[in-house]
Peer 1: 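I'd like to ask some things about the structure below.
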Amino acid sequence: MENKPSGPEAPAAPAPAPSDFIRDIVAAHVSEKKYPQIHTRFPPEPNGYLHIGHAKSICLNFGIAREFGGVCNLRMDDTNPTKEDVEYVDSITEDVKWLISGWADDRLGLKPKGMTLEAQQVNGKPDFYLPPKLSTLSPQPSTSLEPFYASDYFSQIYEYAVQLIRKDVAYVDDLSAEDTDTYRGSPDHPGKESPFRTRSIEENLDLFTRMKNGEFPDGARTLRAKLDMASPNIWMRDPILYRIRHSEHHHTGGQWCIYPMYDFAHCLSDYIEGITHSICTLEFEVHRPLYDWILQRLDLPRPLPHQYEFARLSLGYTVMSKRKLMQLVQEGLVSGWDDPRMPTISGLRRRGVTPQALRDFAYNIGITKYNGITDVAVLEYCIREDLNRRGLRRLAVLRPLKVVITNYPAGQVEELEAVNNPEDPNAGKRKLPFSRELFIEHDDFKEVPPPKYFRLRPGGEVRLKYAYIIKCDEVIKDAAGQVVELRCTADLDSKTGGTTAGRKVKGTIHWVSAAHAIEAEVRLYDRLFTVAEPDATGDFKQHLNPHSLEVVAAKCEPSLQDAQPEICYQFERLAYFTLDKNSAPGKLVLNRTITLKDNWAREAQKR
RNA sequence: UGCCCGAUGGUGUAACGGUAGCACAGCAGACUCUGGAUCUGUUUGUCAUGGUUCAAAUCCAUGUCGGGCAGCCA
């Protein structure tokens, strides 16, 4: 018996290099040698788990890094201490590493743990630059490397803010949150300048220092850029750069009580890390002028990063916003962020989806600026294609129906040979015990078969996979009239290699030997929502699929006793499964990743 | 009714002024000791109207429709 693990190194069909409008831009920059090296980054905020939409972004950013000989930094965009947590930085780090493993892990830019930035001179100007360490090229164990954190740059970002004040393009504003809103105006009406806008540089400097020193309560003052309150672009109407927040930060602790806003921190973090291409989603398009404005206002000696935007992923039959996913978790509607029904990376992983399948999916859907909804069938196709290549075939019965082979001697046991994966000869073979009493799938017998049904029926014949052709002689029912047992006779010469092995019968079904079968808790997952666009109308939770999880006690062939985590098993004719983290020796728990394509179900549906 | 962005079969994408192609889905068939896989065939499309051009999905104009932007969130 041979069980070749089907790890992430299983061969994949080579796909042509992807192409899209962002890669076109990068390729042009490479050919004109605009940068010494292409440098992207993946900058999640650690306020939730990564989902398949992030996977799209990860594949883009790391894909560009690997295709153009560059690096992609993993960076925690952690400028809002009230929403963030180390639980999320840990899960994010793990998910990213898992997704890029065997593909772009040699492109992963990290930094030595605890390393701090120091001022240096570049072209005669002071500069802050934090080059990446590649995790797999580093001689140190990877535990000495960690992701980048925007919060590691708070001191530098503060210095840059001071510079803006000195240039008189930033000021401390005393307006309340409500007044700030009112003064901002609306998209079709210009805003109004704050009465504090004309403070002297000295006063601004003094006030900003005192903000940093904790002299003012939350919300009392902000630092604002001095732009144009009449700009048609809301984000150019004196955007807030810093706010006061007296709260503990998961990474910097109690060191700061003022925190930079996204717009201020992000472009500077990109610059500090030497990012060349800062790729984000479409909603940041209107922020780009601000991104450029900030960087251009400072005397920065190195090339400036540029922002490019693409459409985020929307996928049918699920929700993608972190807020909604958080709601599902907190309200106990799923078992956690890694519930196998969740579109999170950890959920998909627990479900049995491989990094390869997710990367194939990202490749297939492409990168554009068009906001569409991707058919979940594309994801399902990518999962099936990948799992078909690597899944170890096993026989298991989800809803058992007892079958007695009346002409097979009681007590006799045969060891039949079965192939582990017809797609992969290297996967080897295993032995399957056969005996007089078996279980077959309840669905594989119909007393009154519908048209075109070619499984077992009274008086009919069917082949037991790897074993004999059997004929149904008798149907035994319980008091309620339910079929509880079948009495069959086998064509004892029809076994593989036997004299009548070549006999054609229309149907082949799976089975397990009753005496040898092992029990498993099998979790059958389905789509989390019943409609393609759960958040199109009303409360998305009203569209939750009540049948998204069904648990059955399955009868499995004995070799499944040795099932390993992170390995894909195909229960023949049924679906792909993987061990759940709740599984333990003696108590198998398996998750259904996805069903096999079922043309019969479709045929039956038509009637 | 301000500004920005977008629009190619049912869905997602390609074509970079020169034959509208690919994938998924669908449909039909072949093959099969998985109604799996594989293979073959096939239905369906350039938002509209003008303009530029020998030639427009592509460039221009106008319109229509869709998305984004008014957090001291990211």
Side-chain angles (χ1 to χ4, degrees), chain A residues 19-21 24 43-45 47 77-80 82-84 173 175-177 180-181 184-191 218-224 231-237 239-245 258-259 261-263 265-266 280-289 309 311 316 322 363-382 384-385 388-389 391 393 395 422-423 452-455 462-467 469 494 496 501-510 532 570-575 595-604:
Chain A
S19 165
D20 53 65
F21 76 99
D24 288 348
E45 183 189 14
N47 67 346
D77 202 2
D78 55 350
T79 56
N80 184 357
T82 61
K83 293 190 172 175
E84 298 153 6
D173 194 356
L175 244 30
S176 68
T180 307
D181 271 357
R184 185 159 32 231
S186 60
D188 47 351
H189 290 287
D218 286 7
R221 290 179 221 268
T222 58
L223 183 74
R224 293 236 248 165
S231 170
N233 182 342
I234 299 269
W235 292 100
M236 299 301 266
R237 321 240 266 227
I240 291 168
L241 267 22
Y242 263 96
R243 77 286 218 190
I244 302 171
R245 276 249 206 297
I258 57 171
Y259 292 92
M261 298 287 291
Y262 164 85
D263 287 295
H266 204 89
C280 61
T281 44
L282 251 26
E283 68 270 26
F284 293 100
E285 223 162 4
V286 286
H287 295 239
R288 187 171 1 114
E309 310 88 11
K322 277 196 217 172
Y363 171 82
N364 271 311
I365 59 176
I367 299 291
T368 63
K369 297 185 78 156
Y370 176 73
N371 269 311
I373 298 175
T374 297
D375 193 337
V376 70
V378 179
L379 206 216
E380 295 172 342
Y381 168 81
C382 293
R384 287 196 181 97
E385 193 185 47
N388 177 50
R389 257 184 265 120
R393 312 295 128 123
L395 298 190
E423 306 289 322
K452 293 190 189 171
Y453 184 87
F454 45 84
R455 281 111 96 148
V462 79
R463 171 172 291 280
L464 297 176
K465 177 91 183 178
Y466 300 120
I469 293 169
S494 64
T496 308
R503 262 181 68 208
K504 296 291 176 199
V505 282
K506 192 65 180 160
T508 299
I509 64 172
H510 58 279
Q570 184 202 93
F571 290 1
E572 292 211 38
R573 303 209 307 131
L574 295 173
T595 61
L596 251 30
K597 214 161 79 182
D598 190 349
N599 286 319
W600 164 245
R602 200 157 29 126
E603 183 70 36

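Fair warning: this is a prediction, and the values are worked out from it, not measured in the lab. Just so we're on the same page: letters track the sequence lines, and every chain starts at 1.
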Peer 1: Taking the P atom in each of G21(B) and G26(B), what is the distance between them to the nearest angstrom?
Peer 2: 22 Å
Peer 1: What does His510(A) touch in the nucleic acid at a heavy-atom separation under 4.0 angstrom: a base, only the sugar-phosphate, or nothing?
Peer 2: nothing
Peer 1: Hey, are Lys322(A) and Glu45(A) close enough for a salt bridge, meaning a charged N less than 4.0 Å from a carboxylate O?
Peer 2: no
Peer 1: Whole angstroms only, please: what is the CD-P distance between Glu283(A) and C3(B)?
Peer 2: 22 Å
Peer 1: A74(B) pairs with which nucleotide, Watson-Crick or G-U wobble, both distances below 3.5 Å?
Peer 2: none
Peer 1: Just how far, in rounded Å, is C1' of A74(B) from CG of Asp263(A)?
Peer 2: 9 Å
Peer 1: How far does the P atom of A30(B) sit from the matching atom of G36(B), given to the nearest Å?
Peer 2: 13 Å
Peer 1: Select one nucleotide: of A23(B), C27(B), C33(B), the one nearest the side-chain heavy atoms of Arg602(A).
Peer 2: C27(B)
Peer 1: Trp600(A) stacking on G35(B): centroids under 5.5 Å, ring planes under 30°?
Peer 2: yes
Peer 1: Is there a Watson-Crick or G-U wobble partner for A23(B) with both distances under 3.5 Å, and if so, which one is it?
Peer 2: U11(B)
Peer 1: For A28(B) versus G68(B), give the span between their P atoms, rounded off to a whole number of Å.
Peer 2: 39 Å
Peer 1: According to a strict under-4.0 Å criterion, is Lys597(A) in side-chain N/O contact with OP1 or OP2 of G35(B)?
Peer 2: no
Peer 1: What's the closest nucleotide to the side chain of Lys83(A) if the choices are G12(B), A74(B), C73(B)?
Peer 2: C73(B)
Peer 1: Mind checking if Lys322(A) touches a base, just sugar-phosphate, or nothing, with heavy atoms under 4.0 Å?
Peer 2: nothing
Peer 1: Distance check needed: U11(B) P versus Glu380(A) CD, whole Å only.
Peer 2: 18 Å
Peer 1: Evaluate the criterion side chain to side chain contact (heavy atoms under 4.5 Å, CB included) for residue pair Lys369(A) and Phe21(A); output intermediate values, then yes/no.
Peer 2: CA-CA 9 Å; Lys369(A) 297 185 78 156; Phe21(A) 76 99; 3.6 Å; yes
Peer 1: Quick check on A74(B): is either OP1 or OP2 less than 4.0 Å from any side-chain nitrogen or oxygen of Thr79(A)?
Peer 2: yes
Peer 1: Between C5(B) and Arg288(A), is there an OP1 or OP2 to side-chain N/O distance shorter than 4.0 Å?
Peer 2: no
Peer 1: Pick the C1' atom in A48(B) and in A74(B), then give their distance to the nearest Å.
Peer 2: 38 Å
Peer 1: Taking atom C1' in both A7(B) and G12(B), compute the distance separating them and give it to the nearest angstrom.
Peer 2: 14 Å
Peer 1: Between C1' on G36(B) and CD on Glu385(A), what's the gap in Å once rounded to a whole number?
Peer 2: 14 Å
Peer 1: Can you tell me if the side-chain N/O atoms of Arg463(A) get under 4.0 Å from OP1 or OP2 in U32(B)?
Peer 2: no
Peer 1: Write down the partner of G50(B) under the Watson-Crick or G-U wobble criteria, each distance required to be under 3.5 Å.
Peer 2: C60(B)
Peer 1: I'd like to know if Glu423(A) reaches the base of G36(B) with its side chain, counting only an N/O donor and acceptor under 3.5 Å.
Peer 2: yes
Peer 1: Of the options G12(B), A23(B), C33(B), whose atoms approach the side-chain atoms of Thr496(A) most closely?
Peer 2: C33(B)
Peer 1: Could you measure between the two C1' atoms, the one in A57(B) and the one in U46(B), and give it in whole Å?
Peer 2: 5 Å
Peer 1: Is U32(B) paired to anything, Watson-Crick or G-U wobble with both distances less than 3.5 Å, and if yes, which nucleotide?
Peer 2: none
Peer 1: According to a strict under-4.0 Å criterion, is Arg243(A) in side-chain N/O contact with OP1 or OP2 of C73(B)?
Peer 2: yes
Peer 1: Answer with base, sugar-phosphate or nothing: what part of the nucleic acid does Pro190(A) contact at a heavy-atom distance below 4.0 Å?
Peer 2: nothing
Peer 1: Nearest whole angstrom, please: distance from the P of U34(B) to the CG of Leu596(A).
Peer 2: 12 Å
Peer 1: Ignoring backbone atoms, establish whether Arg237(A) has a side-chain N or O less than 4.0 Å from OP1 or OP2 of C3(B).
Peer 2: no
Peer 1: Assess whether side chain to side chain contact (heavy atoms under 4.5 Å, CB included) is satisfied between Arg384(A) and Thr595(A), documenting all intermediate values.
Peer 2: CA-CA 8 Å; Arg384(A) 287 196 181 97; Thr595(A) 61; 3.4 Å; yes
Peer 1: Kindly indicate, with the supporting measurements, whether the criterion side chain to side chain contact (heavy atoms under 4.5 Å, CB included) is fulfilled by Arg221(A) and Tyr242(A).
Peer 2: CA-CA 9 Å; Arg221(A) 290 179 221 268; Tyr242(A) 263 96; over 6 Å; no
Peer 1: Distance check, C1' atoms only: A14(B) and C54(B), in whole angstrom units.
Peer 2: 26 Å
Peer 1: Hey, does Tyr381(A) reach any base, or is it just sugar-phosphate, or nothing, if we go heavy atoms under 4.0 Å?
Peer 2: sugar-phosphate
Peer 1: Could you measure between the two C1' atoms, the one in C59(B) and the one in C3(B), and give it in whole Å?
Peer 2: 24 Å
Peer 1: Indicate, with a heavy-atom threshold strictly under 4.0 Å, whether Leu175(A) touches base, sugar-phosphate, or nothing.
Peer 2: base
Peer 1: Figure out the CD/P separation between Glu285(A) and C4(B), and round it to whole Å.
Peer 2: 11 Å
Peer 1: Using a heavy-atom cut-off of under 4.0 Å over every strand shown, decide if Ser176(A) touches base, sugar-phosphate, or nothing.
Peer 2: base
Peer 1: Under 4.0 Å between any heavy atoms, over every strand shown, what does Ile373(A) touch: base, sugar-phosphate, or nothing? Just pick one.
Peer 2: sugar-phosphate
Peer 1: Using a 4.0 Å heavy-atom cut-off, does Thr82(A) contact any base of the nucleic acid, only the sugar-phosphate backbone, or nothing at all?
Peer 2: nothing
Peer 1: Check every strand shown and say whether Ala377(A) touches a base, only sugar-phosphate, or nothing at a heavy-atom separation below 4.0 Å.
Peer 2: sugar-phosphate
Peer 1: Any strand counts, and the cut-off is 3.5 Å on both contacts for Watson-Crick or G-U wobble. Which nucleotide pairs with C65(B)?
Peer 2: G6(B)
Peer 1: Picking from U34(B), G12(B), C69(B), which would you name as closest to the side chain of Lys465(A)?
Peer 2: U34(B)
Peer 1: Please list, pair by pair, any protein nitrogen or oxygen found under 3.5 Å from a nitrogen or oxygen in nucleotides 14-18 of chain B.
Peer 2:
residue: C16(B); atom: N4; partner: Asp24(A); partner atom: OD2; Å: 3.2

Peer 1: Between atom OH in Tyr259(A) and atom C1' in G71(B), what is the gap in whole Å?
Peer 2: 18 Å
Peer 1: Taking only the side-chain heavy atoms of Val286(A) (C-beta and beyond), determine which of G12(B), G36(B), C4(B) contains the nearest atom.
Peer 2: C4(B)
Peer 1: Please pick, from U34(B), G12(B), C72(B), the nucleotide with the shortest atom-to-atom distance to any side-chain atom of Gln570(A).
Peer 2: U34(B)
Peer 1: Rounded to the Å, how far apart are Met236(A) CE and G2(B) C1'?
Peer 2: 16 Å
Peer 1: Taking donor-acceptor contacts at under 3.5 Å, does the side chain of Arg455(A) reach the base of G35(B)?
Peer 2: yes
Peer 1: So, is Arg573(A) near the phosphate of G35(B), with a side-chain N or O under 4.0 Å from OP1 or OP2?
Peer 2: yes
